Amino acid sequence: MLKTFYEGGMGLTTEKQAVVFDFGNEYTKVGYAGEPAPRSILPTELRCPETGRIQRVFDAVTFDEKYDLLVEFIHTLYFRHLLVSPKDRRVIIVESVLCPTTLRNMLAKIFFMHFEVSSLLFVPSHVVSLSTLGVNTALVVDMGATETVVIPVFENVAVLHAWQAQPLGSFAVKRQITDMLKKYESPELFRTRDCVIPATRVKVEKTEPQEASETSAEAGVPEGYEELEEREEDFNYITEKHIEDIKVRTCFVTSLARVQKAEEGNPCPPPPNVDYLIGRSSRIVNISGEIRENAYNVLFEQDGDHISVPTMILDAISKCPVDMRKPLAENVLLIGGTAMATGMRARICEELKSLVVSPQYCDKLKVRTFKFHTPPAKENFAAWLGAAIYGASDIVSTRSLSKEAYLRDHQVPDWVSLIHNVFHDGTKRSL
Amino acid sequence: MSYLSKSDIVKYACTCGQLKSITNMYFCRHCLKLRCGYCVCHEVDSHYCSNCLEILPSAEARLKKNRCQTCFDCPNCLNTLAVRGTTVSVRDPDDPSKVNSQKKYYHACFFCRWTTRDAGLPDQAVQTVSANGWTHKETNSSNVQRVTVLLERARLLGTLERHEREQREKKFTPRSRRTFTHLPGVTSAHVRKRAGLPPELPAPSTIKDTLAEFQPAVAKESVNPLPEEIFTKAVNLFEITTMPQRLAQPEIQPVFCVDLLPAYKHLSTKRSQRCRECEHNVSKPELNPSSTKFKIQQAAYFHVPEVRLVTAGALIGGKDTEVVLLFSNPSQHPTTLSFISLREAEEEEGNKQTEDTSDLADQQGEAASSLSSLTKPAVVLEEPRPISIKVTGNVELPSPDAEITLPPKDDAAEYDYSGETHKSHNDPKWVMHRRANKAAVSFTVTPETGFTGKRCVIGFVLRYTYINRIPSPGSFDQKPQEVRLDTRLFVDCGKICSK
């Protein structure tokens, strides 16, 4: 009685808003539950305290390294973007069903042991995305940075055996742009630190201090120039950031008709070229119409196994029982940053319609109509919004993993683990 | 001063195992342990705007979504916008022949020259432009409305679920709760609140009715086709926003620069740090945002002897060389220093721990029986990390019994240039010289062979006496106590040469 009286504060204090995180490979979405948009969307990277280089958090290899980077990253999220004390606040994390268990346990350890949050709830991104629509059945296509994952959700249950995942995301598009630029433009644009610099620049080799001062004296460069050179180098050559910028600002997803014409041998005239300026010296890189139009085609070209993004959608449908297929095809939900590309939705729609009557699928699938949902959010934070809506209800207090439970067992319940998935008498709990 | 902010030559091992320079550490005067930014609990103290330096109470800051209501960020280059005044001539409505001049204000960015006029926002009549003056282009209001409906639905579904659960529980455990409803003025809602229960739920039938009114999203077969002009129209990159510009406004994420709107400035925070073990503050800033002072600042720099590398001889693998370190006492009390090797300290630590654990078990048994709910929750601590640095040099330390005493820090002595460096009579010969609260000590270092070209790192434990002026709880002894504290130190002496 005493405990509830004080801790509940006689119901005068309202529950603190839970914090919702969606850690992506490229961008992290962070905000509060019950709000229509995240407070911040920011690259999942930070300046490594030891080397001083910008480093992607999920690129870290060893456990300790990743742990430290994540702690640092989440610390900046709390104190620079959310501006709240992490202690004793509920946390909701949007996770992919395919998220490795080690990462999941690492996040739990960080949040409970380092930030001392009061409870933690992992929500599967595909299922919670449906709460942005208010429907129970949809085929969720998550087009992220590293991969595209298709999971059908039927009556709020993920049909897991029909999952499809391929490394067809924005990284694949970026790689395509890089390759095409190397082919059409000069490969010199892509310069790593150890390469030789073109004749216009005198590069001072980064060597030991004494030797460096000798070489710089020879080249007639004042001391301290070396560092400047290092920085300038980053300005003058295409980096990954530039590729992303080119992708976002100039590229688009072309229509199927144009691709088919090009395959037949009479291509349409390409869209106009774009002059792209790089660096302080305003070096001009010519982004040809070819690159602009065809970079995204890498997601639609069928590979050796006849797999592309549209075939993944059709495969996922065909792996479901017959009764589910029509409702799923009529409720397609595209989420993830890559789905925001200009013309993406139109192209997927066209591809699906033409594929379903092609010999590859016409016998397997009898669905002919595909309908697309529009969530009340930008695609890149649709999953976040789903969790924010889900997290504003009572569910967050009943389903979360509490701090006490974690400190007792030091493990996160997981549906794949029989420890958490078995009744006391040993029978398997059915999902 | 540079050594204060950027010094990685002498590193202290924190209690949590992180290696930091002394200027980056705290010293908890209650636990008598070193703490660093990694192992203290950070808390947000106050919110303020870094531009207008206004403090917002945390409740208000939460309400305003952590944004300042008067300052704006440039949507183009993300710097702060400045208010600019201008006079415009307006024709008098009463007398068309007369021209009145009027003062108008707009926002401009001094870095990229973006102005609110670019966004098509009208000029303001008052200098302190509030956002109310700008009727924001309503691009996403339909989305916000829809999300509100969805949130309501999620809440109702959650309530329904709770209702079902409560019904289930009712069936099996009949609750006998004392009712106070016979008392005047006490309602059932009051009683529920008093008992710590959530307020009475609406009947499930009404919830179901409300849910039935909800309209789920409808999927459409038609999608927006790719605009044909994209294949012919030339692209002007200056008209298309970059990713950082888009993400600065997550709700709208405008694609074209025309749609950029000034964003309310993000607030900044003042943070305080708290020791996790004893929950005392180790650092607490003053509330005033323009003040850089602290109410509580227990930096290790004020309590723990500071070590600096003075000289190091040529470091050659396998050969002895002399390394001189300077020790200074920052505290107001004399301190006694002695040196122990890392291995000896580890053994001592091991012995101590076995004793401690048996003691602790006894104590916990007692505590658990007396107080359960009123005691503070268990301290959550990450286990200390092993030291990540590799020691590549052997250092010959004086015997652990040999001690040197450093006098307290005397601010006046700092300016006393007459005092020559002198040696005290009873100093051992490894003390090179002293002055005021400082003493230079020479050590013999032998870099290990096989590390040519690498840094020579030596490690040892510095044992120093500390006057604890905070009485421990429970003891009535108010006198300051002298305690001996250990700190592991790692000194980077330089590069090991080959010859």
Side-chain angles (χ1 to χ4, degrees), chain A residues 2-5 8 10-11 34 36-42 75 79 83-85 87 112-114 116 131-135 244-245 248-250 252-255 268 271-272 274 276 330-332 342-343 345-346 349 369-374 376-378 381 385 389-390 392-395 407, chain B residues 38 41-44 47 61-62 65-66 140 142-144 146-148 150-151 153-155 157-159 161-162 165 193-196 198-199 214-217 219-221 223-226 230-235 237 240-243 247 250-251 253 266-267 269 271 373 378 380-382 385:
Chain A
L2 192 70
K3 199 175 165 187
T4 50
F5 184 80
M10 282 193 75
R39 287 288 172 90
S40 293
I41 303 178
L42 65 161
H75 185 91
F79 293 104
L83 310 185
V84 284
S85 304
K87 200 178 176 185
F112 281 122
M113 304 301 281
H114 193 94
E116 303 182 64
S131 60
T132 61
L133 303 173
V135 297
E244 168 155 17
D245 201 43
V248 169
R249 289 165 80 192
T250 68
F252 61 93
V253 189
T254 188
S255 65
C268 307
V274 176
Y276 188 84
E330 290 181 358
N331 288 284
V332 180
T342 323
R345 188 181 283 229
C349 187
T369 51
F370 293 93
K371 290 182 184 173
F372 291 84
H373 274 293
T374 319
K378 296 283 170 192
F381 66 86
L385 181 67
I389 291 172
Y390 197 72
S393 64
D394 274 359
I395 289 160
L407 293 180
Chain B
Y38 188 83
C41 179
H42 295 254
E43 283 166 9
V44 172
H47 297 82
R62 199 183 65 214
K65 295 198 165 187
N66 293 337
N140 64 336
S142 63
N143 277 358
V144 174
R146 177 71 184 159
V147 171
T148 323
L150 289 164
L151 279 169
R153 174 177 176 264
R155 275 199 197 106
L157 281 175
T159 326
E161 193 182 286
R162 201 173 74 193
R165 200 178 52 244
K193 209 181 228 183
R194 186 137 207 177
F214 173 79
Q215 285 166 345
K220 282 189 204 127
E221 199 170 351
V223 289
N224 293 343
L226 190 69
I230 204 165
F231 299 109
T232 49
K233 203 176 150 199
V235 174
L237 281 183
I240 302 173
T241 54
T242 60
M243 270 318 256
L247 297 180
E251 309 88 1
Q253 299 186 28
H266 243 286
L267 295 178
T269 55
R271 300 205 290 265
S373 69
V380 181
L381 284 174
E382 284 163 289
R385 303 261 183 109

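Just so you know, these numbers come straight off a predicted model, no measurement behind them. Numbered from 1 within each chain, the chains take letters A, B, ... in sequence-line order.
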Nearest heavy-atom neighbours spanning B:Pro250 and A:Ile41: CB-CD1, 4.0 Å
Heavy-atom proximity to chain A below 4.5 Å, by part of B:Lys233: backbone
Least distance between heavy atoms, A:Ser131 atom then B:Leu150 atom: O-CD2, 3.5 Å
Value rounded to 0.5 Å, distance of NE2 in A:His75 from NE2 in B:His42: 4.5 Å
Partner chain A: residue of B:Gln253, B:Gln215, B:Arg385, B:Glu43 with the largest heavy-atom pair count (under 4.5 Å): B:Gln253
Engaged part of A:Phe381 at the chain B interface, taking heavy atoms whose separation is under 4.5 Å: side chain
Residue among A:Ala346, A:Gly343, A:Pro272 with most heavy-atom pairs under 4.5 Å to chain B: A:Pro272
Backbone N/O of A:Leu133 and side chain of B:Arg146: donor-acceptor pair under 3.5 Å: yes
Interface moiety of B:Pro225 toward chain A, non-hydrogen atoms closer than 4.5 Å: backbone
Greatest number of heavy atom pairs closer than 4.5 Å to chain A - which of B:Leu267, B:Val223, B:Thr269, B:Thr241: B:Val223
Value rounded to 0.5 Å, distance of OG in A:Ser393 from CZ in B:Arg162: 10.5 Å
A:Tyr276: partners by ring-ring contact (aromatic ring centres under 6.0 Å, His included), with sequence neighbours left out: none
Part of A:Thr342 within contact of chain B (heavy atom distance under 4.5 Å): both
B:Glu161, part contacting chain A, at a heavy-atom distance under 4.5 Å: side chain
Contact winner vs chain A - B:Leu151, B:Thr232, B:Asn224, heavy-atom pairs under 4.5 Å: B:Leu151
B:Lys65 NZ: over 12 foreign heavy atoms closer than 6.0 Å: yes
Spatial distance of atom CZ (B:Arg155) from atom CD1 (A:Ile395) [nearest 0.5 Å]: 11.5 Å
Structural part of B:His266 lying under 4.5 Å from a heavy atom of chain A: side chain
Those residues that, when tested against A:Phe372, pass ring-ring contact (aromatic ring centres under 6.0 Å, His included) (two or more places apart): none
Toward chain A, the part of B:Arg271 with a non-hydrogen atom under 4.5 Å: side chain
Non-hydrogen side-chain atoms of B:Glu221 and A:Lys371 separated by less than 4.5 Å: yes
Structural part of A:Val253 lying under 4.5 Å from a heavy atom of chain B: backbone
Atom group of B:Thr148 that falls short of 4.5 Å from chain A, counting heavy atoms: neither
Between CZ on residue A:Arg39 and CD on residue B:Glu251, distance to nearest 0.5 Å: 9.5 Å
Which portion of B:Leu157 sits near chain A, non-hydrogen atoms under 4.5 angstrom: neither
Min side-chain heavy-atom separation B:Thr242-A:Arg249 under 4.5 Å: yes
Pairs of heavy atoms under 4.5 Å with chain B: top-ranked of A:Pro271, A:Gly134, A:Ala377: A:Gly134
Atom pair SG (B:Cys41) and NZ (A:Lys87), whose distance is rounded to the nearest 0.5 Å: 4.5 Å
Among A:Val248, A:Val135, A:Leu83, residue most engaged with chain B (heavy-atom pairs, under 4.5 Å): A:Leu83
Check: A:Leu42 and B:Leu247 side chains under 4.5 Å, non-hydrogen atoms: no
Side chain / backbone / both / neither for A:Val84 at chain B, heavy atoms under 4.5 Å: backbone
